[in-house]
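This report refers to the structure that appears directly beneath it.
All chains are named by letter (A, B, ...) in the order of the sequence lines, taking the proteins before the strands, and each is independently numbered beginning at 1.
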Amino acid sequence: MTRITDIFSEQVYAVVEQIPFGKVLSYKSVAILAGYPRHSRLVGYALRHVPSNRLLPCHRVVTSSGRLVPYWTEQKELLYRERVEFTSRGYYVDMKRFAWQYNDL
DNA sequence: AGGTTGACTCACC
DNA sequence: TGGTGAGCCAACC
């Protein structure tokens with residue numbers, strides 16, 4: 001297939017695989033690092049369709065405001081296990097402290 | 001071929 | 001905080 005997301009998805013996966021334990025990245029940042037700055041929505045599409053056999057820490061990808069995936073209750077638990085902390089009301093990841101600073105590479 | 005749909009983001013209020 | 005509306009763009013009817 002020649003769908004753009006086939007190539008795109010591979011690059012997205014490659015980025016997500018590199019997110020360190022205990023850190024998160026926004027869809028937008030993943031899109032930028034994958035080389036497609038305006039395709040944050042497609043990152044969501046790609047991650048929603050990750051093959052089940054593929055081991056990928058996609059729970060470490062959140063919205064730019066730090067929100068979690070709606071209706072994916074397991075995600076918060078996974079992040080808890082990595083000692084990722086949330087804002088007082090618990091709706092947002094504390095991005096100030098837990099967003100991966102990939103600029104340091 | 002064209003409208004609808006998002007695991008999105010940003011600006012505003 | 002929280003809602004809305006516009007911009008985004010390929011997949012999917």
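- Going from atom NE2 of A:His49 over to atom P of B:dG6 covers 11 Å, rounded to whole Å.
- One can place CG of A:Asp6 at 19 Å from P of C:dC9, the figure rounded to the nearest angstrom.
- When only modelled atom types and interatomic distance are considered, A:Glu82 and A:His59 share a side-chain donor-acceptor pair under 3.5 Å.
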Identify every side-chain donor-acceptor pair in residues 32-51 of chain A under 3.5 Å, counting partners at least two apart or on other chains, and give the distances.
residue, atom, partner, partner atom, Å
A:Tyr36, OH, A:Gln11, NE2, 3.4
A:His49, ND1, A:Tyr45, O, 2.8

Criterion side-chain contact (heavy atoms from CB on, under 4.5 Å) on A:Leu79 and A:Leu68, from CA distance to verdict
CA-CA 10 Å; A:Leu79 291 174; A:Leu68 306 182; 3.8 Å; yes
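- Distances shorter than 4.0 Å separate none of the side-chain N or O atoms of A:Lys28 from OP1 or OP2 on C:dC8.
- We find that A:Glu17 and A:Arg60 are not joined by a salt bridge, their nearest charged nitrogen and carboxylate oxygen being 4.0 Å or further apart.
- For the pair A:Trp72 CH2 and B:dC8 C1', the interatomic distance rounds to 16 Å; values are reported in whole Å.
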Run the numbers on A:Arg54 and A:Glu10 for salt bridge (charged side-chain N to carboxylate O under 4.0 Å, His left out), then give the verdict.
CA-CA 11 Å; A:Arg54 186 130 187 182; A:Glu10 285 307 316; 3.3 Å; yes
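- Which of B:dA7, C:dT1, B:dT9 sits closest to the side chain of A:Thr63 comes down to B:dT9.
- When heavy atoms are screened at a 4.0 angstrom cut-off, A:Ser65 is found touching no nucleic acid atom at all.
- Atom OH in A:Tyr92 sits about 16 Å away from atom C1' in B:dA7, given to the nearest Å.
- Atom CD of A:Gln75 and atom CZ of A:Arg67 lie 12.5 Å apart (nearest 0.5 Å).
- For the pair A:Leu68 CG and B:dC8 P, the interatomic distance rounds to 11 Å; values are reported in whole Å.
- Considering only side-chain N and O atoms, A:Arg89 lies under 4.0 angstrom from the phosphate OP1 or OP2 of C:dG2.
- Taking atom CD1 of A:Ile32 as the reference point, atom C1' of B:dT9 lies 11 Å away to the nearest angstrom.
- Within residues 37-48 of chain A, the residues that have a heavy atom under 4.0 Å from DNA chain B are, in order of number, A:Ser40, A:Arg41, A:Gly44, A:Leu47, A:Arg48.
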